[in-house]
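Worksheet for the structure shown next.
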Amino acid sequence: MSVPDQFESSLWALARTRTFLSVAALHIVTAIVLMNIPLLNGLGFERALTTAVLSSVTTPLVAIAGFHRQQTRSQGLPVHWWASAIFLCVALLIPSLVAGAVFEMWTQPCDVELGLQFFVLLGGGNVLVTASISMAAFYWTPSRYRSAILATAITIIVLLIWFGFGLWRLYNEPQIFVYLAPLGFWPGSIYDESLPVPLALWVFRGYSTLLSLSLVCWIQASLRFRPTWLVLSLLGSALTTWLYLDGGQLGFRFDRAYIQSQLSQKFRTPHFILYASPAFSRSAIKALAREHEFRFEQLASYFGVEPPSPIHSYVYRNAQEKGQLMGAYQTQIARPWHQEIHIHGAYIPHSTLKHELAHIFAGQLAAPPFRIPMLWGVVPNMGLIEGIAVAADWPIRELTVHEWAAAMKRLERLPSIAQSLDPTGFWSISSSRAYTATGSFVAWLVRRYGMKKFSEVYSGKSFLSTYGVSTSDLEDTWRYFLDSITLDPPALRMAEHRFARPSIFEKVCARTTSTLAQQVSQHLRSRRLTSAQKLIEQILQFQPADPRYLTQLAWTYLQANNLPLAEQFASRAHNLTGTTEKAKAAAQEVMGHIAWSRGEVDQAAQQFTQVFNLHLSTSSVRLQSVRLAALTRPPDIQNALRDYLERRLTGGKDLMTLTDLHHTYPKDPLIGYLLARRLEAIKAPQRALATLPPPTALPTQALQDEAVLLKGRLTWAAGKYSSAAQAFRQATEAAHRQSTREEAITWEQRSLHALHWE
């Protein structure tokens, strides 16, 4: 019988076995069930991964059934049954693939090509590897002990060891992604919604394919010695070993030493060791190191404990570098069990540094090995973990955390604490709502009952045994506290917009739209407007009622001087039903600029005034103030400032334009203020201080308040810390909002800490 005939014979024989039919039924049922689970229902990564993991379990059953049949009936060669099992098990991916495609046909097609790639790379790769492992488990068992049950048990043990090795690397090494030949690929943080197929996954699957083929060659050589099999085995093993050892360069196997070699700048402080990208200047790293110590001092006061030194801080150049080296792109990461954090950017104040360090301090309240609270000893209690980090960080974003939570309650968007502390409930809520609710609740607990009480809960005790009342009773008291917080209409408008964003489980084609949105941003930064417009049109196919992308498209047409189309999309965004006032205002801002470009100054002023009166945020009020003030200037200033505000000026032309305007009109406070802000961005504090006008010369209270803060920041950046502390003390006294007051207080503390550091 020829080789094709032998393969066909073994294929049909295996397809008729009870094992294969049972496994096929399981795959079909699973494919249907996944259609009812958010994020797993469509043809995307999550469905592909789930199906691939199932294939890792079912492929050995089918393969070993074939090997057992080959042994008992002396039918064909082992490699024929191996190939047959792979063919059939790859075919078992089809039910899930079809079910995902059918679901998308009913709802909204996402990215079929991307889904197919993940199915092939994850499912197909897992089938190939696990079939080869099963073959080794069966045929390398001595013939007197050889059986389907023993081979299955050995295969399961090997898979569990492999899985355990992957978990160990996640625990012991910095990376949060994992590549495992028989189990697939996990990309890292769920908050990084954009997930294209990484090039490293293609390389890794090439490596795992070569590994599988090498193993089969060794098996063939051991069963029926042929020089050809031996040569192929040796060659495949050599190539596999080389690929594995070079996994860091190829992108699928990093360790701490490799990451530290890439972040080659090392800087020590009393409590930290910083590993920073060589792209940063030494002065920038020194300033960031000082910021680390400042935040350490704040957190030590809050928690009442200090982690043992040193804390290792990995500072990546940007999100892209961090994502490639350790798996988290936009998400910053803390690993309390290793006392290390992973952040990107060397700017000050760093937006997430204190939050990530708070995880390290909180780790002193929990038991090893993970130093985080665990539900049932195995599932991280994300509500408590993130709640204490937000409470300790206490970020200032227009409103305080308590004010944001109170606004959520008024808008009936506040999640229950029981849901937030549930292992699945936390992830089902959008991150902004989950983090804010738990942060406010934990901050209230600590303030009312003290850190010592909370530390008992964080270490594993129940709320009832710690506080003497149930979680629901504590939540009722907390909600009553939120009712006592006074909020103005602008606060509710800001909260309405911020908390309207759904979680990844509630979005349509979340992965696809996030990837497209990132590409849009890249095209806009490079001024490739036509390409950006095409991508936005694709996003609108998935999110037709989302005004953000319509407004973005309107901006691109405005910058391309296509005013009719800019007006069309801005009006469409503004008139969408069910959108927030802030989203409508964003479209209205574009309409104001369209009118301005047409010379309709009164119409532009009317649009900007309406947005100003909404008081959507401090930054929005400042921006409308600048626009309205610019409209009162002579035409030459107006035109230049319009181009600047519409972000038409690139490649340094914006700085040149403001500098020329200031040279021509040195006494115009608006131009001086804008130039000072631009000089702050390029780290030229001395020049900025020389152009910054007296705060009282600016037309609105919002601009005056910002000018006071700006003077303090510039003085601090110039190294005059005592003067900066004094400026921020004045800003604290003059502040109109609690959030502004707390921001000024933090800057004053930072200035005083810098004096001590120096």
Sidechain-backbone polar pair: R47 side chain, L40 backbone, donor-acceptor under 3.5 Å: yes
Y258 and L325: side chain to side chain contact (heavy atoms under 4.5 Å, CB included), yes or no, with the steps? CA-CA 9 Å; Y258 180 81; L325 288 176; 4.0 Å; yes
With a 4.5 Å cut-off on side-chain heavy atoms, are H338 and H312 touching? no
Taking all non-hydrogen atoms of both residues, which atom of A434 and which atom of I429 are closest, and how far apart? N-CG2, 3.8 Å
Listed by chain and number, what are the side-chain hydrogen bond (donor to acceptor under 3.5 Å, both in side chains) partners of S472, not counting sequence neighbours? S470
Could you report the tightest heavy-atom contact between F272 and H292, atom names first, then the distance? CE1-O, 3.4 Å
side-chain hydrogen bond (donor to acceptor under 3.5 Å, both in side chains) involving R410 - partner list, sequence neighbours excluded: none
Listed partners of T746 passing side-chain contact (heavy atoms from CB on, under 4.5 Å), at least two apart: F294, R295, Q298, R750
Got L34 and T51 here, is their nearest side-chain heavy-atom distance under 4.5 Å? yes
Would you call the rings of W747 and W716 parallel, tilted or perpendicular, taking 30° and 60° as the class edges? perpendicular
Apply side chain to side chain contact (heavy atoms under 4.5 Å, CB included) to residues F267 and L288 and explain how you reach the verdict. CA-CA 10 Å; F267 196 98; L288 186 62; over 6 Å; no
State the CG-CZ distance between L365 and F454, to the nearest 0.5 angstrom. 7.5 Å
Just so I know, are the side chains of P187 and F45 near enough to count as touching, which here means a heavy-atom distance under 4.5 Å? yes
Do W427 and L39 come close enough that some side-chain heavy atom pair is under 4.5 Å? no
Any donor-acceptor pair under 3.5 Å linking the side chain of R371 with the backbone of P336? no
Find the distance between CD1 (I259) and OH (Y275) and round it off to the nearest 0.5 Å. 11.5 Å
Can you list, pair by pair, the side-chain donor-acceptor contacts under 3.5 Å of residues 169-184, counting residues two or more places apart and other chains?
residue	atom	partner	partner atom	Å
R169	NH2	F254	O	2.3
Y171	OH	P369	O	3.1
E173	OE1	R256	N	2.8

Flag the pair Y449 / Y467 as yes when their ring centroid distance falls below 6.0 Å, and as no otherwise. yes
Could you check whether any side-chain heavy atom of I37 comes within less than 4.5 Å of a side-chain heavy atom of E46, counting everything from C-beta outward? no
Could I get the full list of side-chain contact (heavy atoms from CB on, under 4.5 Å) partners for R447, not counting sequence neighbours? none
Please list, chain by chain and in numerical order, all residues satisfying side-chain hydrogen bond (donor to acceptor under 3.5 Å, both in side chains) with S56, sequence neighbours excluded. N126
List the steps and the verdict of side chain to side chain contact (heavy atoms under 4.5 Å, CB included) for S313 and I341. CA-CA 5 Å; S313 178; I341 63 172; 3.6 Å; yes
Would you give the length of the straight line joining atom CD of E398 to atom OG of S617, rounded to the nearest 0.5 angstrom? 4.5 Å
Side chains of P415 and M408 in contact at under 4.5 Å (non-hydrogen atoms): yes
Closest approach of T466 to K453 (non-hydrogen atoms, all atoms of both residues): O-NZ, 3.0 Å
First locate atom CD1 of I417, then atom CG of D422, and finally report the distance between them rounded to the nearest 0.5 Å. 12.5 Å
Between Q330 and A319 the two heavy atoms that sit nearest each other are NE2-CB, 3.6 Å
Residues 158-168, side-chain donor-acceptor partners within the protein, below 3.5 Å, at least two apart:
none

Atom CD of E340 and atom CD1 of I273: how far apart are they, to the nearest 0.5 Å? 11.5 Å
What are the two closest non-hydrogen atoms of I372 and P380, and how far apart are they? CD1-CB, 4.0 Å
Does the side chain to side chain contact (heavy atoms under 4.5 Å, CB included) test come out yes or no for F481 and I485, once each step is laid out? CA-CA 7 Å; F481 158 74; I485 296 175; 4.2 Å; yes
Can you name the nearest heavy-atom pair linking V401 to G439, along with the distance? CG1-C, 4.1 Å
Quick one: sort the H342 and Y314 rings into parallel, tilted or perpendicular, breaks at 30° and 60°. parallel
Polar side-chain atom of S465 near backbone of S462 as donor-acceptor pair, under 3.5 Å: yes
For a 4.5 angstrom cut-off between non-hydrogen side-chain atoms, does F361 reach P307? yes
Across all chains, not counting sequence neighbours, the side-chain contact (heavy atoms from CB on, under 4.5 Å) partners of Y329 are D192, Q320, Q324
Test side-chain contact (heavy atoms from CB on, under 4.5 Å) applied to E306 - qualifying residues, sequence neighbours left out: H271, F296, A300
Taking the side chain as C-beta and beyond, is there a heavy-atom pair between I385 and M382 under 4.5 Å? yes
Looking only at atom types and distance, does a side-chain atom of Q265 sit under 3.5 Å from a main-chain N or O of F280, one as donor and one as acceptor? yes
Spell out, as yes or no, whether a donor-acceptor pair under 3.5 Å connects the side chain of H350 to the backbone of H344. yes
Strictly distance-based, threshold 3.5 Å: is any side-chain N or O of E293 a donor or acceptor partner for the main-chain N or O of A289? no
Can you find a side-chain donor-acceptor pair between S440 and W478 that sits under 3.5 Å? yes
Show the atom names and distances, to 0.1 Å, of all donor-acceptor pairs under 3.5 Å that link a side chain in residues 386-394 to residues at least two apart or in another chain.
residue	atom	partner	partner atom	Å
E386	OE1	H355	NE2	3.0
E386	OE1	H359	NE2	3.3
E386	OE2	Y435	OH	3.4
W394	NE1	E742	OE1	3.3

If a pair satisfies salt bridge (Lys or Arg N to Asp or Glu O under 4.0 Å) and one of its residues is in residues 465-486, list it, with sequence neighbours excluded. K409-D483, E475-R479
Does the R498 side chain pair with the main chain of S432, one donor and one acceptor, at a distance under 3.5 Å? no
To the closest 0.5 Å, what do you measure between CG (L26) and CG (L54)? 5.0 Å
So, E403 side chain and L399 main chain: donor-acceptor pair closer than 3.5 Å or not? no
Once side-chain hydrogen bond (donor to acceptor under 3.5 Å, both in side chains) is applied, do any residues pair with Y458, and if so which ones, sequence neighbours excluded? none
